[in-house]
Amino acid sequence: MKRILITGAAGFLGSHLCDKFINEGFHVIGIDNLITGDLKNIEHLFPLEHFEFYHHDVSKFVHVSGELDYILHFASPASPIDYLKIPIQTLKVGSLGTHNLLGLAKAKNARILIASTSEVYGDPLVHPQSEGYYGNVNTIGPRGVYDEAKRFQESITMAYHRFHGLETRIVRIFNTYGPRMRLNDGRVIPAFIGQALRGEDLTVFGDGSQTRSFCYVSDQIEGIYKLLFSDYVYPVNIGNPNEISIKDFAEEIIKLTGTNQKIVYKPLPQDDPLQRQPNIDLAQKILDWEPKVGRNEGMKLTFNYFKGLTEEELYKSEHKDFSKHIKR
C-alpha cells in the first residue's frame, strides 16, 4: 500500500485530498497545526485503519517514520483575513515549512507536490494568466506575505528538483470553492452566502467590476491528483476559466438564496487583483483535465452545505482566534 503525507490535512483542500487518497487505496498521514484547519473536516476518517493524524506545525522539523511515497504540501493560510492577521506564520510555512518537507521528500525518496496559487501572478497585466507569465506582485504590500511565500515555495522546489534530482510537482490553484470552506474566512463565496443567510446586505469591495473564476472543489482535487502522477515538473494552472465580475456574482448569490439583500460597496483593499482567470491549455494538454462542474451546480451544492450550519456557527462573527499562535 502506497503511503502519502498530506500537510494542511484539516483544511478545506487538505481534507478533500485526504478523502480522495483514502478512496484510491492509499495509507494517508495527515499533519495540521489547526491554526486555520478544523478537525471536524476529517473526523470521519479517524476510525479508519489507513488514516493517521498528527497535530504539528511543519515550520518546525517534520519526522515521519517508515516509508513514504508521496507528499502533498497544502499547509498554509489561504484567505486574506487569515494571512493579514498571521503574516509571519504565513511566510514561515511557505519557506521553512516547504524546506522541511523537501528535505523529508529527499530523505524518503518521495515525490512531492506543493500547492502554489494564482496569487503568484499578483494583479496581472496579462489576461488570462498562463504559466509563462511571471506576475505583477507588490513584494512589500500587505498581501505580499502570501504571494511571496508561494513564489519562494516554487523557487526552492525547483532548486531541489534541479540540484538534488528530487521528483517535484507544482500546482497553481485558482479560486476554489465547495463544502468545508470556513464561513467567515474573508473569501467572497462564503462571505456572500453567510451574509445572505443572515439577512445582511452583500458587501462588494471596489465597484464590483473585478473578476474571479471559480473552480468547484471536486474538479480541483481531480486536477491535483492527475498532476501528482504526471511527468511534468513545472507549474500547472488548475482552475475554471469561466470568469465573472464580483458584482454579477453577488446578484447570482441573491438569486440562488432567494433573498432580497442590497449590494453595498466598500473601498477596494490594497493590491487586490482586478482580474483573475486561468489559462488551462497546459492542464488540458498534459493532464487531459478540464473542469466538469458548472458554477450553477457547484454553488447549489455549496449553498446546501452552508445552510446546514448551526445558528451558532452562522452568527459567529469570527471563526478563528489566532492569539495563541502570535508572539509579539
Side-chain angles (χ1 to χ4, degrees), residues 12-13 77-84 115-131 133 135-138 141-143 146-147 150 171-196 202-220 223 237-257 263-280 283 290-303 305-306:
F12 168 47
L13 284 180
S79 73
I81 200 169
D82 288 346
Y83 56 70
L84 294 178
S116 187
T117 172
S118 61
E119 294 302 314
V120 300
Y121 300 120
D123 186 9
L125 304 177
V126 170
H127 191 73
Q129 295 81 57
S130 68
E131 292 84 353
Y133 176 53
N136 176 38
V137 175
N138 178 0
R143 293 175 69 105
Y146 182 66
D147 303 356
K150 293 297 189 179
V171 58
R172 286 183 181 159
I173 296 168
F174 281 70
N175 297 74
T176 306
Y177 70 100
R180 301 180 192 162
M181 294 189 88
R182 272 186 21 238
L183 188 62
N184 294 324
D185 77 350
R187 286 183 272 198
V188 64
I189 287 177
F192 279 173
I193 291 180
Q195 287 173 329
L202 270 57
T203 303
V204 168
F205 295 97
D207 63 5
S209 63
Q210 69 270 35
T211 67
R212 294 295 182 268
S213 306
F214 300 111
C215 183
Y216 189 66
V217 64
S218 62
D219 285 332
Q220 183 65 240
N237 291 339
I238 299 291
N240 191 321
N242 189 350
E243 184 183 24
I244 187 172
S245 74
I246 296 300
K247 181 178 184 298
D248 288 347
F249 184 60
E251 290 169 353
E252 275 192 11
I253 293 290
I254 290 170
K255 186 176 179 181
L256 169 69
T257 57
I263 299 173
V264 296
Y265 296 87
K266 293 190 175 181
L268 192 69
Q270 182 180 342
D271 302 323
D272 193 51
L274 297 182
Q275 290 181 306
R276 185 66 82 231
Q277 182 189 23
N279 178 317
I280 61 168
E290 61 184 8
K292 294 182 170 65
V293 181
R295 195 170 58 246
N296 286 344
E297 180 187 353
M299 285 307 305
K300 285 176 185 174
L301 293 167
T302 306
F303 179 53
Y305 167 78
F306 282 116

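Count residues from 1 along the sequence.
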Check your understanding: Hey, are E251 and K255 close enough for a salt bridge, meaning a charged N less than 4.0 Å from a carboxylate O?
Key -> no

Check your understanding: So, for P124 and G122, which heavy atoms are closest and what is the spacing to 0.1 Å?
Key -> CD-O, 3.0 Å

Check your understanding: Backbone N or O of Q129 within a donor-acceptor pair of the N237 side chain at under 3.5 Å?
Key -> yes

Practice item. Looking only at non-hydrogen atoms, find the nearest pair between I263 and K247 and report the distance. Key: CD1-O, 4.2 Å

Point to revise | Side-chain donor or acceptor of S79 paired with backbone N/O of D185 under 3.5 Å | key: yes

Review point. Looking at E119 and R143, does any basic side-chain N land under 4.0 Å from a carboxylate oxygen?
Key: yes

**Study point:** Expected output: side-chain D219 to main-chain V293 donor-acceptor under 3.5 Å
**Key:** yes

Review point. What heavy-atom pair brings M299 and L256 nearest, and what distance separates the two atoms?
Key: O-CD2, 3.7 Å

Review point. OH/Y265 to CD1/I246 distance, rounded to the nearest 0.5 angstrom?
Key: 11.0 Å

Check your understanding: Got a donor-acceptor contact below 3.5 angstrom from the Q210 side chain to the G208 backbone?
Key -> yes

Practice item. For the residue pair R182 and D82, establish whether any side-chain heavy-atom pair is separated by less than 4.5 Å. Key: yes

Exercise for review: Give, for atom OG1 of T302 and atom CD1 of I253, the distance between the pair rounded to the nearest 0.5 Å.
Suggested key: 8.5 Å

**Study point:** Check: Q220 side chain, I173 main-chain N or O, donor-acceptor pair, under 3.5 Å
**Key:** no

Exercise for review: Starting from the C-alpha separation in whole Å, work towards a yes-or-no answer on side-chain contact (heavy atoms from CB on, under 4.5 Å) for E252 and F192.
Suggested key: CA-CA 10 Å; E252 275 192 11; F192 279 173; over 6 Å; no

Practice item. Would you check, one step at a time, whether the test side-chain contact (heavy atoms from CB on, under 4.5 Å) holds for I238 with T176? Key: CA-CA 9 Å; I238 299 291; T176 306; over 6 Å; no

Check your understanding: Hey, are the side chains of V188 and F214 touching, using non-hydrogen atoms and a 4.5 Å cut-off?
Key -> yes

**Study point:** T211 and Q277: side chain donor to acceptor below 3.5 Å
**Key:** no

Study note, to complete from the structure: Separation between CD (Q275) and CD (E243), nearest 0.5 Å, reads 6.0 Å

Review point. Roughly how far, to the nearest 0.5 Å, is OG of S130 from CD1 of I280?
Key: 12.5 Å

Practice item. Compare all side-chain heavy atoms of Y146 with those of P77 and state whether any distance is below 4.5 angstrom. Key: no

Review point. Do the side chain of S213 and the main chain of R276 share a donor and acceptor less than 3.5 angstrom apart?
Key: yes

Exercise for review: For A196 and T257, work out which heavy atoms get closest and say how close.
Suggested key: CB-OG1, 3.7 Å

Check your understanding: Which heavy-atom pair separates F249 from R295 by the least distance, and what is that distance?
Key -> CE1-CD, 4.0 Å

Exercise for review: Specify whether Y177 and Y216 have parallel, tilted or perpendicular ring planes, treating 30° as the upper limit for parallel and 60° as the lower limit for perpendicular.
Suggested key: perpendicular

Exercise for review: Check P278 against P241 and note the closest heavy-atom contact, atom names and distance.
Suggested key: O-CB, 3.6 Å

Exercise for review: For residues S116 and R172, determine if any side-chain heavy atom of one lies less than 4.5 Å from a side-chain heavy atom of the other.
Suggested key: yes

Practice item. Kindly compute the distance separating CZ (R212) from CZ (R187), expressed to the nearest 0.5 Å. Key: 12.0 Å

Review point. Hey, what do you get for CG (L183) to CD (Q195), rounding to the nearest 0.5 Å?
Key: 9.5 Å

Review point. Using 30° and 60° as the class limits, which term best fits the ring planes of Y133 and Y121: parallel, tilted or perpendicular?
Key: parallel

